[in-house]
Amino acid sequence: MREYEIMFIVRPTLSEEDTKKVIENFKNVLTNHGATITGETDMGQRELAYEIKKCKSGYYYVLTLSANDDAAIKEFDRLALISNDVIRHLITKIEK
């Protein structure tokens with residue numbers, strides 16, 4: 001099993017309900033492709049160091065997960081890149 005940490009920033013113009021839907025959709029993408037979510041951290045809305053896609057702040061969310069292969073990670077990456085709701089994401093492999 002490989003361990004990963006995914007941090008993503010959701011567009012701040014979304015309502016609280018829409019933000020939760022975006023987070024749940026991405027969590028479902030990961031679990032449907034064989035990943036197991038072992039932890040999640042809701043960091044709330046924060047100011048960005050610089051403007052990204054015309055946004056000066058964003059809603060930060062961190063997921064810790066484990067997966068046998070990288071299918072779930074690749075699918076998350078693909079969908080996050082084309083999603084208008086996610087303004088930035090970072091996937092980190094945790095070395096043991």
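Below, each value reflects all heavy atoms present in this structure, side chains not excepted, and no hydrogens, waters or symmetry copies.
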In this structure, would Val22 and Leu48 fall into the same cluster of hydrophobic residues linked by side-chain contacts under 4.5 Å?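 Different clusters: Val22 never reaches Leu48 through Ile, Leu, Val, Met, Phe, Trp or Tyr contacts under 4.5 Å.
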Rounded to the nearest 0.5 Å, how far does [atom2] of [Y] lie from [atom1] of [X]?
{"X": "Lys20", "Y": "Asn25", "atom1": "NZ", "atom2": "CG", "value": "14.0 Å"}
{"X": "Asn28", "Y": "Lys21", "atom1": "CG", "atom2": "NZ", "value": "13.0 Å"}
{"X": "Glu16", "Y": "Tyr59", "atom1": "CD", "atom2": "OH", "value": "6.5 Å"}
{"X": "Arg2", "Y": "Asn68", "atom1": "CZ", "atom2": "CG", "value": "9.0 Å"}
{"X": "Asp42", "Y": "Ile23", "atom1": "CG", "atom2": "CD1", "value": "6.0 Å"}
{"X": "Lys53", "Y": "Ile9", "atom1": "NZ", "atom2": "CD1", "value": "10.5 Å"}

side-chain contact (heavy atoms from CB on, under 4.5 Å) with Val29: which residues, sequence neighbours excluded? His33, Glu75, Leu79
Indicate yes or no: does Glu5 engage Lys93 in a salt bridge with an N to O separation below 4.0 Å. no
Can you name the nearest heavy-atom pair linking Leu65 to Ile37, along with the distance?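 Smallest heavy-atom distance, with atoms named: CB-CA, 4.0 Å.
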Could you tell me whether the side chain of Thr38 and the main chain of Thr64 form a donor-acceptor pair under 3.5 Å? yes
Answer yes or no: is there a donor N or O on one side and an acceptor on the other, between the side chain of Asp18 and the main chain of Leu14, under 3.5 Å?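 Checked: no pair found.
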May I ask you to test the Ile94-Tyr4 pair for a side-chain heavy-atom distance under 4.5 Å? no
Start with the C-alpha distance between Leu90 and Ile6, add both sets of side-chain angles, then the distance that settles side chain to side chain contact (heavy atoms under 4.5 Å, CB included), and finish with yes or no. CA-CA 6 Å; Leu90 176 69; Ile6 299 175; over 6 Å; no
Between Phe8 and Phe76, does the ring centroid distance fall short of 6.0 Å? yes
Please assess Tyr60 against Met7 for the test side chain to side chain contact (heavy atoms under 4.5 Å, CB included), listing each intermediate value before the final yes or no. CA-CA 7 Å; Tyr60 283 68; Met7 189 277 306; 3.7 Å; yes
Would you kindly say whether Ser57 and Gln45 are connected by a side-chain donor-acceptor distance under 3.5 Å? yes
Determine, stepwise, if the pair Val62 / Glu40 fulfils side chain to side chain contact (heavy atoms under 4.5 Å, CB included). CA-CA 6 Å; Val62 178; Glu40 49 188 276; over 6 Å; no
Table please: side-chain donor-acceptor pairs of residues 81-89 below 3.5 Å, with sequence neighbours left out.
from	atom 1	to	atom 2	distance (Å)
Ser83	OG	Asp85	N	3.1
Arg88	NH1	Tyr50	OH	3.4
His89	NE2	Asp77	OD1	2.5

Just wondering, more than 12 heavy atoms not from Glu17 lying within 6.0 Å of its CD?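 Result for CD/Glu17: open.
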